[in-house]
J.: 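Below is a structure I'd like to ask you about.
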Amino acid sequence: MTATPSDAAAACPPVGRLAPSPTGVLHIGNARSLLLAWLSARSRGGKVLLRVEDLIPGQPEFVISLLRDLRYLGLDWDAPPDCEGVCQVADFVDMDGDLPPFILQSERHRAYNRVLGRLADAGLVYPCVCTRREIEAAVRAPHAEDHGAAYPGTCRGRFVNMKTAIAFEASRAQRAGRKPVGVAMRLRVPDDPLVFVDQLHGTVTVSLPEDCGDFVIQRKDGAFAYMLAVVVDDLAMGVTEVVRGDDLLDCTGQQLALYQAIARHGVQTDLAAVVDRPPPDWVHVPLVYGDEGRRLAKRDRSLHVQTLQEMGVPGSAVRRWLAGSLGLPDSDDPAELAAHFSWAAMPRGPAVFGAAELAGLCDVPRSAAPS
Ligand code: GLU
């Protein structure tokens, strides 16, 4: 089945989203992907929603720094629809202006659980007790070259229900003299190839049985996998366009399988109408690299948006650099950039932000430009 940008979606203004993870602070590469998501939606009169992807919660200081970074970059957002996980900015940080609410993944576990339960009822999800070592051994067995390849399906059809899987793990743990570690939940992937169209990468065909096999959507410790959360959230928020770094292109086939499973089995997430929604349009954008093609790492402090802010670089200067890297006019005004934005004109190669670019930004007269 092919997922292509739908006619309906083309006719309506898009609903885009900013979906940063508060696992560290934003770096310049994250900022560029977020700006692209913002420009793509705003350039067509669309909405932009904010979702903070703190699936494993517990670091509110990162949420605060994300909110500050977005304001510094001049990226605004709209109020989300009424669904679980809506949070007020003022509950985290005192910032100027009447800022719209945003979605926090750590507040949405009930929604994920509901979808997981329905998929399990429909027989599309099954419990898995395999350890990493068992999977590696099974995958390696006849074909050593396949190491790290797809899950071999050991637990597909192995247990009548969840209870028997839990009992199996409990007795195995007892025999080994350790505590039970719980069971994971895996989605049965379709046998046929999945096809989707990415705005920049064109038609992409994925064969999930060979790529990854049945994949985990809930871990043994009960944490929901990113794959499940992102699909459930985008459906609940009414997102019609996903713009993100091209390091996530490989995940999209799994997300499409989830969209199809949810749609086919009439699973409702938060809103009654979500089952009628097609998957979003996907655009996977080139990443930013450092000198010598080095991938930007979150630990490299000089590339953090927060560090630039602390060094006194105005947000407008960062926007201007980002705009230049996107082939846009020399402007720091988000609305003007949106007016000139088009995917067709965007440079396709990766952008470089190295020592020279950093020095250039730091040389910007501190008082000349408004932030
Ligand atoms: N939270 C992810 C990140 O910051 C993006 C996930 C997505 O856009 O689907 O890389």
Side-chain angles (χ1 to χ4, degrees), residues 3 14-41 46-59 62-70 73 75 77 80 85 87 102-108 111-112 115 196 198-201 204 206 215 217 223-259 262 269 277 279-289 295-300 303-306 350-351:
V15 179
R17 41 68 152 190
L18 309 173
S21 299
T23 47
V25 286
L26 284 187
H27 61 55
I28 193 92
N30 306 128
R32 189 171 183 264
S33 300
L34 292 172
L35 176 62
L36 275 167
W38 188 94
L39 287 170
S40 179
K47 283 190 175 175
V48 178
L49 308 179
L50 172 61
R51 175 172 77 238
V52 175
E53 302 210 312
D54 66 335
L55 254 188
I56 315 265
Q59 299 208 288
F62 283 139
V63 179
I64 293 169
S65 101
L66 264 180
L67 293 167
R68 288 214 172 100
D69 288 350
L70 292 174
L73 292 168
L75 301 179
W77 60 91
C87 290
F102 65 100
I103 301 287
L104 197 62
Q105 278 190 333
S106 56
E107 298 286 323
R108 288 186 44 75
Y112 307 143
V115 173
F196 62 91
D198 179 278
Q199 178 92 22
L200 296 180
H201 294 259
V204 180
V206 189
F215 58 90
I217 58 174
F224 293 100
Y226 153 72
M227 296 298 174
L228 179 75
V230 77
V231 170
V232 174
D233 292 346
D234 283 337
L235 279 169
M237 292 163 71
V239 167
T240 64
E241 177 179 270
V242 168
V243 178
R244 59 189 176 193
D246 61 14
D247 52 337
L248 291 171
L249 183 63
D250 287 348
C251 300
T252 307
Q254 293 171 55
Q255 291 171 22
L256 180 54
L258 270 163
Y259 276 105
I262 287 172
T269 63
R277 289 217 180 99
D281 297 339
W282 280 291
V283 197
H284 290 89
V285 302
L287 299 180
V288 177
Y289 289 86
R295 194 157 166 181
L296 300 191
K298 283 199 168 176
R299 63 177 177 277
D300 196 345
L303 307 170
H304 292 174
V305 169
Q306 201 180 350

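Atoms within each ligand, like the ligands themselves, are counted from 1 in listed order.
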J.: Does Leu248 approach ligand 1 within less than 4.0 angstrom via side chain, backbone, both or neither, non-hydrogen atoms only?
T.: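 Only the side chain of Leu248 comes within reach of ligand 1.
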
J.: As an exercise, state the distance from CE of Met227 to OG1 of Thr252, rounded to the nearest 0.5 Å.
T.: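 If we round to the nearest 0.5 Å, Met227:CE and Thr252:OG1 are 8.0 Å apart.
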
J.: Only heavy atoms of Glu53, strictly under 4.0 Å: list the atoms of ligand 1 that pass.
T.: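 Ligand 1 atoms under the 4.0 Å threshold to Glu53: 1 (N), 2 (C), 5 (C), 6 (C).
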
J.: Looking at Val230, which atoms of ligand 1 are within less than 4.0 Å of one of its heavy atoms?
T.: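 Those atoms are 9 (O).
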
J.: Would you give the length of the straight line joining atom CG of Asp246 to atom CG of Asp198, rounded to the nearest 0.5 angstrom?
T.: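 Going from CG on Asp246 over to CG on Asp198, the span is 9.0 Å.
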
J.: Given the rule in the ring pair (Phe, Tyr, Trp, His ring centres under 6.0 Å) test, do Phe196 and Trp282 qualify, once you have shown the distances and angles that lead to the verdict?
T.: CA-CA 8 Å; Phe196 62 91; Trp282 280 291; 5.5 Å; yes

J.: Is any side-chain heavy atom of Val15 closer than 4.5 Å to one of Met237?
T.: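 No, their side chains stay 4.5 Å or more apart.
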
J.: Can you find a non-hydrogen atom of Arg17 under 4.0 Å from ligand 1?
T.: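 Per 4.0 Å heavy-atom rule, Arg17 contacts ligand 1.
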
J.: Quick check: Ala19 and ligand 1, any N/O pair under 3.5 Å apart?
T.: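 It does: an N or O of Ala19 is found under 3.5 Å from an N or O of ligand 1.
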
J.: Considering the heavy atoms of Ser21, write down every atom of ligand 1 situated less than 4.0 Å from one of them.
T.: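 Ligand 1 atoms under the 4.0 Å threshold to Ser21: 1 (N), 2 (C), 3 (C), 4 (O).
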
J.: Using a 4.0 Å cutoff against the non-hydrogen atoms of Tyr226, which atoms of ligand 1 qualify?
T.: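 Answer, ordered by atom number: 6 (C), 7 (C), 9 (O).
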
J.: Check ligand 1 against Arg244 and write out every atom of the ligand that is under 4.0 Å from a heavy-atom position of the residue.
T.: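 Those atoms are 7 (C), 8 (O), 9 (O).
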
J.: Between Ser21 and Tyr226, is there a side-chain heavy-atom distance shorter than 4.5 Å?
T.: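 They are not in contact (no side-chain heavy atoms under 4.5 Å apart), so the answer is no.
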
J.: So how far is it from Trp38 CH2 to Leu70 CG, rounded to the nearest 0.5 Å?
T.: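 Output value for this atom pair is 12.0 Å.
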
